[in-house]
Amino acid sequence: MKKITLAKLIVLLITVGTILSVSVAVFVAADRNSKAEITVGDIKYTFTFDEKEQTACLNDIDNPEVEQTVTVPGTVLYNDKEYTVTDLSWSYPFSTTDRRPNVAGLILPNTLQNVHGVSFYKFPGLTEISIPGSIENFDGSFQNSKLLTGIVFEEGVKEISSNTMIYNCTSLVSISLPSSLRIISGPGVFSNATALKSINLPEGVIFTENLAFSGCTSLTDIELPASVTEIPAEAFQDCTALTSVTAKGSITSIGRYAFSGASSLKTIPDLSHVSEMGVNAFYNCTALGCAVDLSSLINIPDKAFSYAPISEVTFCDHLESIGIWAFIGGHMTTVNFPETLQSIGTYAFWDAGALTGSVTIPESVTYIGTCAFQGTSVTELFIDSGLTEIPNGAFSNNVNLKKVTFDNSEEDVLISDGAIPDGV
């Protein structure tokens, strides 16, 4: 049998004592939180109580016997002590037994600080609700609350971080945002609110995630405050009733698919300060007949204005590339390419039938994609020496084209069959 010295025995006893002390401490801390049912008036609530902090978290409200508005208390008595109600916490009500249909209205106290991602679909009879300003960061959800018509965020709320907060709220027509709001950080926070027609964004607010208003098919107009300088990806995608988006400040970035499918859009912010734009930004904006100023955009992305009948485009003096399908179906009558342009993508100006007169392809251009200018009304082309290959269909179906001049030796230019229409 191995002997244990007195010194080792003392160390062992100290270690065991420490472990026991920690175990007891953990047990005591865990015992400080207890759950109980409390009846206030004729409503029974379930709370979890934190004895150390003297706070309570609301976990449930029993379904009242008759339909009524429930006023959640700001303080409750438990074991002769008063607790402040600071939190809401319950799981998503997947089954009908988890819902409380007789709660027709819910008045929340201004003692609340956290909602822990709770779903207010637990109360499917709600038609309106106010979120107290004491909740600085709201991350609750109203998804599938089909009777909900209005939401008010009271002064004090600074952030909305909910993910697809009002998805499938098919009756929601009004959202009131406070001047205290500074950040909307939830992805798709207002998306798919199909009855929402307008919303006022307070000055100072910014968006940090995508899909902000995607699928809001009744939204007709919106004004972006000066604090919004970047329009996130898919922000207004498929907002088919949207006619006007204006901005008080300078927009510097537009994400991919930001306005894609906004088929009624006629008025957009000034784009002259936009230096970054994602693919399909204005794809299929079939009512967009305005002029666009892209004088800060060095690279025009793929399908940027596909099927958007813009009337005029101003290019950046340092333009380097025009992506595929960039201006399909455009209604611009002239284009002036800078000496920095290097490539024009496939179908870039396909079916831009209003494009007429003379077009010069500068020496800097070394690539033109298939069918890049097919179907335009250009009458004369000047192609400088940088372009040595004209791909199939590049200028085909141009019935008005009469003259093409190459600033190059014939043996240095490869012209594919069908690149230029017969009779030129």
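Values reported hereafter were calculated over all heavy atoms of this structure, with side chains retained and with hydrogens, waters and symmetry mates removed.
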K.L.:
Between the side chains of Ser396 and Gln374, is a donor N or O closer than 3.5 angstrom to an acceptor N or O?
P.N.:
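Yes, a side-chain donor-acceptor pair sits under 3.5 Å.
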K.L.:
At what distance, to the nearest 0.5 angstrom, does CG of Leu126 lie from CG of Leu148?
P.N.:
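These two atoms lie 6.5 Å from each other.
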K.L.:
Counting N and O atoms only, with roles assigned by atom type, does the side chain of Arg99 sit under 3.5 Å from a partner on the main chain of Pro93, one being a donor and the other an acceptor?
P.N.:
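Present.
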K.L.:
With no hydrogens and no angle check, is any side-chain donor or acceptor of Asn398 less than 3.5 Å from a backbone partner on Thr376?
P.N.:
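Yes, because the side chain of Asn398 sits within donor-acceptor range (under 3.5 Å) of the backbone of Thr376.
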K.L.:
Hey, mind stepping through Gln54 and Thr84 against side chain to side chain donor-acceptor pair (under 3.5 Å) and telling me if it holds?
P.N.:
CA-CA 7 Å; Gln54 290 292 107; Thr84 302; over 6 Å; no
K.L.:
Got a second to check how far Asp98's CG is from Arg100's CZ, nearest 0.5 Å?
P.N.:
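It comes to 7.0 Å.
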K.L.:
Check whether the side chains of Asn59 and Thr46 place a donor and an acceptor atom closer than 3.5 Å, and report yes or no.
P.N.:
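Looking only at side-chain atoms, Thr46 and Asn59 do not form any donor-acceptor pair under 3.5 Å.
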K.L.:
Would a distance-only check, ignoring hydrogens and angles, find a side-chain to backbone donor-acceptor pair under 3.5 Å from Ser264 to Thr243?
P.N.:
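Not a single qualifying donor-acceptor pair exists.
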K.L.:
Assert yes or no for the condition that the ring centre distance of Phe315 to Phe337 is strictly below 6.0 Å.
P.N.:
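For Phe315 and Phe337, the ring centres are under 6.0 Å apart.
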K.L.:
Could you measure the distance from the CG atom of Leu297 to the NE2 atom of His318? Nearest 0.5 Å is fine.
P.N.:
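Interatomic distance, Leu297 CG to His318 NE2, rounded to 0.5 Å: 13.0 Å.
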K.L.:
Mind checking whether Glu51 and Asn33 have side chains closer than 4.5 Å, heavy atoms only?
P.N.:
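No, too far: nothing below the 4.5 Å cut-off.
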K.L.:
At their closest point, which heavy atom of Cys216 faces which heavy atom of Asn192, and how far apart are they?
P.N.:
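Nearest heavy atoms, Cys216 then Asn192: SG-N, 4.0 Å.
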K.L.:
Any side-chain heavy atom of Asp317 within less than 4.5 Å of one from Thr340?
P.N.:
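No; the side chains remain at least 4.5 Å from each other.
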K.L.:
Would a distance-only check, ignoring hydrogens and angles, find a side-chain to backbone donor-acceptor pair under 3.5 Å from Thr149 to Thr127?
P.N.:
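It does hold such a pair.
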K.L.:
Can you see which heavy atom on Ser263 is nearest to which on Ala287, and at what distance?
P.N.:
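That would be O-CB, 3.4 Å.
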K.L.:
Could you tell me whether a side-chain N or O of Asp302 sits under 3.5 Å from a main-chain N or O of Ile324, the two making a donor and an acceptor?
P.N.:
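Side chain of Asp302 to backbone of Ile324: a pair is present.
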K.L.:
Run the salt-bridge test on Asp60 and Lys122 with the 4.0 Å N-O cut-off and return the result as yes or no.
P.N.:
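Counted as a salt bridge, because a side-chain N and a carboxylate O are separated by less than 4.0 Å.
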K.L.:
If you define the side chain from C-beta out and look only at heavy atoms, does anything of Ile43 sit under 4.5 Å from Val72?
P.N.:
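Side-chain contact under 4.5 Å: no.
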K.L.:
For Ser311 versus Ala291, what's the shortest heavy-atom pair and its separation?
P.N.:
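For Ser311 versus Ala291, the nearest heavy atoms are OG-N, 3.3 Å.
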K.L.:
Would you please say whether a donor-acceptor pair under 3.5 Å links the side chains of Thr164 and Gln143?
P.N.:
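Their side chains do contain a donor-acceptor pair, which is all the 3.5 Å distance test asks for.
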K.L.:
What's the separation between atom CG in Leu201 and atom CZ in Phe190, rounded to the nearest 0.5 Å?
P.N.:
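Between Leu201 CG and Phe190 CZ, I get 7.0 Å after rounding to 0.5 Å.
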K.L.:
Answer yes if the side chains of Ser95 and Thr97 hold a donor-acceptor pair under 3.5 Å, and no otherwise.
P.N.:
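Distance-only check passes for Ser95 and Thr97.
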K.L.:
Do Phe142 and Tyr167 make a side-chain contact, defined as non-hydrogen atoms from C-beta onward lying under 4.5 Å apart?
P.N.:
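With C-beta onward as the side chain, the pair stays apart.
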K.L.:
Taking atom types as modelled and ignoring hydrogens, do the side chains of Asp139 and Ser162 form a donor-acceptor contact shorter than 3.5 angstrom?
P.N.:
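Asp139 vs Ser162: no donor-acceptor pair found between side chains.
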K.L.:
Answer whether the closest heavy-atom distance between the side chains of Val245 and Leu224 falls below 4.5 Å.
P.N.:
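Yes. Closest side-chain heavy atoms under 4.5 Å.
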K.L.:
Under a 3.5 Å cutoff, is there a donor and acceptor pairing between the side chains of Glu155 and Ser179?
P.N.:
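Yes - a donor-acceptor pair under 3.5 Å links their side chains.
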K.L.:
Mind checking whether Tyr45 and Phe49 have ring centres under 6.0 Å apart?
P.N.:
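Distance test on ring centres: not under 6.0 Å, no.
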K.L.:
Set out, in order, the CA-CA distance, both residues' side-chain angles and the distance that settles side chain to side chain contact (heavy atoms under 4.5 Å, CB included) for Leu211 and Glu234, then state yes or no.
P.N.:
CA-CA 5 Å; Leu211 295 157; Glu234 302 151 297; 3.5 Å; yes
K.L.:
Do the side chains of Leu196 and Ser218 get nearer than 4.5 Å, heavy atoms only?
P.N.:
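With C-beta onward as the side chain, the pair stays apart.
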K.L.:
Hey, could you give me the NE2/OG distance between His116 and Ser89, rounded to the nearest 0.5 Å?
P.N.:
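It is 5.5 Å, given to the nearest 0.5 Å.
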K.L.:
Would you say CD of Glu276 has more than 12 non-hydrogen atoms from neighbouring residues, nucleotides or ligands within 6.0 angstrom?
P.N.:
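Open.
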K.L.:
For Ser119, is there any backbone N or O sitting under 3.5 Å from a side-chain donor or acceptor partner on Trp90?
P.N.:
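Yes: the side chain of Trp90 pairs with the backbone of Ser119.
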K.L.:
Under 30°, 30 to 60°, or over 60°: which ring-plane class applies to Phe138 and Phe120, parallel, tilted or perpendicular?
P.N.:
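Rings of Phe138 and Phe120: parallel, under 30°.
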K.L.:
Determine whether the side chains of Ser272 and Asp270 contain a donor N or O and an acceptor N or O closer than 3.5 Å.
P.N.:
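On atom types as modelled, these side chains qualify, holding a pair under 3.5 Å.
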K.L.:
For Met165 versus Ile160, what's the shortest heavy-atom pair and its separation?
P.N.:
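The answer is SD-CG2, 3.9 Å.
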K.L.:
Between the side chain of Asp293 and the main-chain N/O of Ser295, is any donor-acceptor distance below 3.5 Å?
P.N.:
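Yes; at least one donor-acceptor contact below 3.5 Å.
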K.L.:
Does Leu294 offer a backbone N or O that forms a donor-acceptor pair with the side chain of Thr314 under 3.5 Å?
P.N.:
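Judged by distance alone, no pair lies under 3.5 Å.
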K.L.:
Specify whether Phe213 and Phe236 have parallel, tilted or perpendicular ring planes, treating 30° as the upper limit for parallel and 60° as the lower limit for perpendicular.
P.N.:
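Aromatic pair Phe213/Phe236 classed parallel.
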K.L.:
Before giving the answer on side chain to side chain contact (heavy atoms under 4.5 Å, CB included), spell out for Lys303 and Val279 the whole-Å C-alpha distance, their side-chain angles and the decisive distance to 0.1 Å.
P.N.:
CA-CA 6 Å; Lys303 303 182 181 181; Val279 298; 5.8 Å; no
K.L.:
Decide yes or no on side chain to side chain contact (heavy atoms under 4.5 Å, CB included) for Asn168 and Lys146, but give the supporting numbers first.
P.N.:
CA-CA 7 Å; Asn168 205 27; Lys146 295 190 175 182; 3.3 Å; yes
K.L.:
I'd like to know whether the aromatic ring centres of Tyr257 and Tyr283 sit less than 6.0 Å apart in this structure.
P.N.:
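No - the distance between ring centres of Tyr257 and Tyr283 does not fall below the 6.0 Å cut-off.
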K.L.:
Treating Thr229 as the side-chain partner and Thr252 as the backbone partner, does any N or O pair qualify as donor plus acceptor under 3.5 Å?
P.N.:
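Such a contact is absent between Thr229 side chain and Thr252 backbone.
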K.L.:
Donor-acceptor pair, Glu203 side chain versus Ala226 backbone, under 3.5 Å?
P.N.:
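The answer is yes, because a donor-acceptor pair under 3.5 Å joins these two groups.
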K.L.:
Please tell me if the side chains of Asp87 and Asp50 come closer than 4.5 Å, counting only heavy atoms from C-beta onward.
P.N.:
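No - every pair of side-chain heavy atoms lies 4.5 Å or more apart.
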K.L.:
Once the angle between the rings of Phe305 and Phe282 is folded into 0 to 90°, is it parallel (under 30°), tilted (30 to 60°) or perpendicular (over 60°)?
P.N.:
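The arrangement is parallel - the two ring planes meet at less than 30°.
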K.L.:
Do you know the tightest heavy-atom contact between Ser145 and Tyr121?
P.N.:
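Smallest heavy-atom distance, with atoms named: OG-CA, 3.8 Å.
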K.L.:
Can you tell me how far OG of Ser275 sits from CD1 of Ile254, rounded to the nearest 0.5 angstrom?
P.N.:
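Atom-to-atom, Ile254:CD1 and Ser275:OG are 10.5 Å apart.
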K.L.:
In sequence, state the C-alpha distance, the side-chain angles, and the governing distance for Val359 and Ile361, and then conclude on side chain to side chain contact (heavy atoms under 4.5 Å, CB included).
P.N.:
CA-CA 7 Å; Val359 171; Ile361 308 298; 4.1 Å; yes
K.L.:
Between Asn144 and Tyr92, do the side chains contain a donor N or O and an acceptor N or O under 3.5 Å apart?
P.N.:
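A pair is found: one side chain offers a donor N or O, the other an acceptor, under 3.5 Å apart.
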K.L.:
Minimum heavy-atom separation for Ala258 to Pro232, with atom names?
P.N.:
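It is CB-O, 3.8 Å.
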K.L.:
Quick check: do Leu172 and Ile151 have side-chain heavy atoms less than 4.5 Å from each other?
P.N.:
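Heavy-atom side-chain distance check passes, below 4.5 Å.
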